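Reviewing the structure listed below.
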Amino acid sequence: MDIALELEHLSKSYKVGWRKTERTAVVDVSLTVPAGTVFGLLGPNGAGKTTTIKMAVGFLHPDSGSVHIFGQETLDPKVRARIGFLPESPYFYPHLTAGKALDFYARLFGIERAVRRERVKRLLEMVGLSDAVKLPLNKFSKGMLQRFGIAQALVNDPELLIVDEPASGLDPIGQVEMRKLLNSLNEEGKSILLSSHYLSEVENICHEVAVLNKGKVIARGKIEDLLDTGGAYSVMASGLPKSWRPVEPPARQERLNGTVRLTVEKKYVGSLIANVQSSGGLIEDVRKVTKTLEELFVDLVGGDASGG
Amino acid sequence: MAVKAIAGNVIREAIRQKIIYVTVLFALLLFAIEPILPSFKVGLKIQLFQDIALGVAYIAIAILAIALSVNQVPGEIEKRTIYNVLSKPVRRGDFLVGKYLGILAVLTACAALMGIAIFGFSFAYFGRLSYGVFQGMLTATFEAALISAFALLISTFASPTVNVFTCLLFYFVGHVKNDALVAALQGDGAIRLVRIVLKYFLPSLENFNVNEAVARGLVVKPLFLLELLLYAIAFSATFLVVASVTLRRKEI
C-alpha cells in the first residue's frame with residue numbers, strides 16, 4: 001500500500017522565557033498514514049498534536065527526524081500541490097469575500113481561471129456556503145469560517161488532507177456535518193490526517209489512531225485493536241430465576257431489570273449459553289466486549305494529561 | 001501566478017489602509033497651499049515651490065514605503081493568515097517577492113498621483129509645464145522601493161515597532177552618508193565594522209535626490225536614471241535574497 005505521510009522519529013523542543021528554558025514539545029514521534037485511510041491524532045491539550053502537524057506541513061523544523069509526503073520532502077512545492085491543510089482555528093483575509101478568497105487560494109496553485117471559477121462554485125456549494133459567496137469573511141460565524149477553511153483546503157483537489165481540530169468551535173450539528181464531509185472525502189479516495197480531541201469524531205472517522213501525551217506516542221494502531229479488551233464476551237440472558245448461577249464461573253455477573261449480563265472468556269461462551277438454555281433462560285445477545293474510545297483515552301491519559 | 005496573486009492581495013489590503021490616504025492628501029494639500037503662503041508673495045518662484053513640493057513628496061513616499069512594508073510578514077504571522085498561504089506550493093521567497101511587488105505597485109501609483117499634482121499646480125500657479133517633476137518622482141520611487149525591500153528584510157525577524165525605528169535610521173544615515181563620512185571613521189573593532197557596513201552595505205540614498213536639479217529646470221540624463229534604477233535594483237535584490245533566506249529558516 002502507498003504511504004501518504006510518513007513521520008519518522010520527530011522530536012521538537014522550544015526555548016521559552018528570558019532564561020531560554022528548553023521545553024520539549026514532541027519526542028520521537030513516528031507514524032505512517034497509508035494512502036486512502038483516515039489517521040487520527042488524539043491527545044489532550046498540549047500533547048504535541050499541533051506541533052506534529054506543523055512539522056508535517058513544514059512550518060516548524062524538527063530537531064531530529066524526517067517528514068515525507070508521498071515519499072518526497074515536505075517543502076517541495078510539487079508535494080505541497082498534492083496536500084490540503086486546515087489549521088486549527090483558521091484565519092483568513094477578513095475583507096475578502098468568500099468567492100474572492102477562495103479564488104485567491106486557487107491562484108496560489110496556478111489553477112486556470114475557468115477551472116477556478118467552476119471549483120470555487122462547487123466547493124462553496126459542498127460546504128454549504130454558496131449563499132455567502134459575496135459575503136466578506138469578517139461577517140462569517142465561527143462555524144462558517146471552519147467550513148470555508150475546509151473549502152480552501154480542498155481547492156487543489158488534494159490527495160492528502162491534513163486537518164487540525166476541524167470540529168473546533170462547531171455546534172453539534174456542525175460537528176456531524178463535518179464528520180460526514182470528511183467521511184465522504186475519504187470515500188472519494190483522499191487520505192486524511194486528523195488531529196482532534198473530539199473522541200466521537202475520531203472514533204467514527206479514523207481507521208487508525210495514535211494517542212499523544214506529553215509529546216510522546218503512548219498508543220498507536222487500528223481503533224478496533226486498541227479497543228479490544230482481549231477476548232472477553234458479554235452474554236445477555238433473561239427469564240432466569242434470581243437464584244440461578246452459571247455452572248462455569250463467569251468473570252462478572254450483573255442483573256438489570258430481570259436481565260442478566262454475564263461476562264466470560266471466549267472459551268466459556270458455548271457452555272454458558274447451553275447452561276442458560278437448560279435453565280429455561282433466553283439468550284438475548286452475545287457480543288465481544290470492547291472499550292469505548294473514551295474509556296481507552298482515560299485509561300491511557302488519565303490524570304497524566306497536562307495542559308499547555 | 002502565486003507571486004501575482006500575492007501582489008494583488010497586497011494591493012487590495014493597501015487600499016484599505018487609511019495612512020495612504022492621509023499621507024497623500026496631506027502632501028496634496030501642502031502642494032496646493034504652498035504657493036499662497038505669505039513667503040511666496042515676496043518674489044519666490046516656481047523653483048522654490050517645486051523644491052519644497054518634491055521634498056514633501058520624497059518624504060511622503062518614503063513614509064508610505066515604511067508603513068506598507070513593516071507589518072507584511074509579522075502581520076501575516078500574528079493573524080495566522082500565513083498558514084493558508086505557505087501550506088500551498090508557494091516558496092517563501094515567492095511570498096516575499098509577491099509582497100514586494102504589491103507594495104511597489106501601490107508606491108508607484110501614489111508617486112504618480114503626487115507627480116501629477118505637482119505638475120498640475122506648477123502649471124496652474126506658474127504657467128509652466130515642468131515634465132522634470134516626473135523624473136523627480138521616478139527617483140523617489142526608486143528610493144522607496146529600496147527602503148521597502150530593507151523594511152521587508154527587517155520584518156522577517158523584528159517586530160513592526162523595531163522595524164520602523166530601524167528604517168528611520170536607515171533613511172537618515174543613508175541620506176547623510178557620503179565618502180567623507182566613511183573616510184572619517186578611522187579605527188579598529190566596532191568602528192571598522194561600522195565603516196565597512198556604511199561603505200559596502202548601506203546605499204547612499206542621497207543619490208536619489210534630484211530635487212534641486214529638477215526645480216531649477218535641469219534635465220536629468222536618462223543614463224543617470226538608468227544608473228539609479230540599477231543601483232536600487234541591486235540593493236533591493238540583495239535585501240530580498242537575505243530576507244528570503246531568513247524567512248525560510250523562520251518557524252511559524
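Nothing here was measured: the structure is a model prediction, and the numbers come from that model. Residue numbers start from 1 in every chain, and the chains themselves are labelled A, B, ... in the order their sequence lines are given, proteins ahead of strands.
At most 12 heavy atoms of other shown residues, nucleotides or ligands fall within 6.0 angstrom of atom NZ in B:Lys4. Heavy-atom neighbours of B:Glu78 CD from other residues, nucleotides or ligands within 6.0 Å: at or below the threshold of 12. Enclosure of atom CZ in B:Phe172 is not indicated, since only 12 or fewer non-hydrogen atoms of other residues, nucleotides or ligands lie within 6.0 angstrom. In this structure, B:Tyr21 places its OH atom where more than 12 heavy-atom neighbours from other residues, nucleotides or ligands lie under 6.0 Å away. Applying the 6.0 Å contact sphere to CD of A:Glu112 captures no more than 12 heavy atoms from other residues, nucleotides or ligands.
A donor and an acceptor atom, one from each side chain of A:Tyr91 and B:Glu76, are nowhere located under 3.5 Å apart.
Chain A forms more heavy-atom pairs under 4.5 Å with one residue of B:Ile82, B:Asp94, B:Val3, B:Ile6 than with any other, namely B:Ile6. Of the listed residues (A:Gly58, A:Pro87, A:Pro158), the one with the most heavy-atom contacts under 4.5 Å to chain B is A:Pro87. Ranked by heavy-atom pairs under 4.5 Å with chain A, the first of B:Lys79, B:Glu13, B:Arg92 is B:Glu13.
Of all heavy-atom pairs spanning B:Glu251 and A:Lys12, the tightest one is OE2-NZ, 2.6 Å. Taking every heavy atom of both residues into account, B:Asn84 and A:Gln152 meet most closely at OD1-NE2, 3.2 Å. Scanning all heavy atoms of the two residues, the minimum distance from B:Lys88 to A:Leu108 falls at CG-CD1, 3.9 Å.
The backbone N or O of B:Arg91 sits nowhere less than 3.5 Å from a side-chain atom of A:Arg80 that would complete a donor-acceptor pair. The closest donor-acceptor contact from the side chain of A:His61 to the backbone of B:Arg249 lies under 3.5 Å.
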Trace of the side-chain contact (heavy atoms from CB on, under 4.5 Å) decision for B:Leu86 with A:Val57: CA-CA 9 Å; B:Leu86 292 186; A:Val57 186; over 6 Å; no
Derivation of the side-chain contact (heavy atoms from CB on, under 4.5 Å) call for B:Val85 and A:Phe104: CA-CA 9 Å; B:Val85 177; A:Phe104 166 73; 4.1 Å; yes
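Atom OG of B:Ser87 sits about 12.0 Å away from atom CD1 of A:Ile53, to the nearest 0.5 Å. Residue B:Asn9 holds its CG atom at 11.0 Å from NZ of A:Lys100, rounded to the nearest 0.5 Å.
At a 4.5 Å heavy-atom cutoff, the contact between A:Leu96 and chain B is made by side-chain atoms alone.
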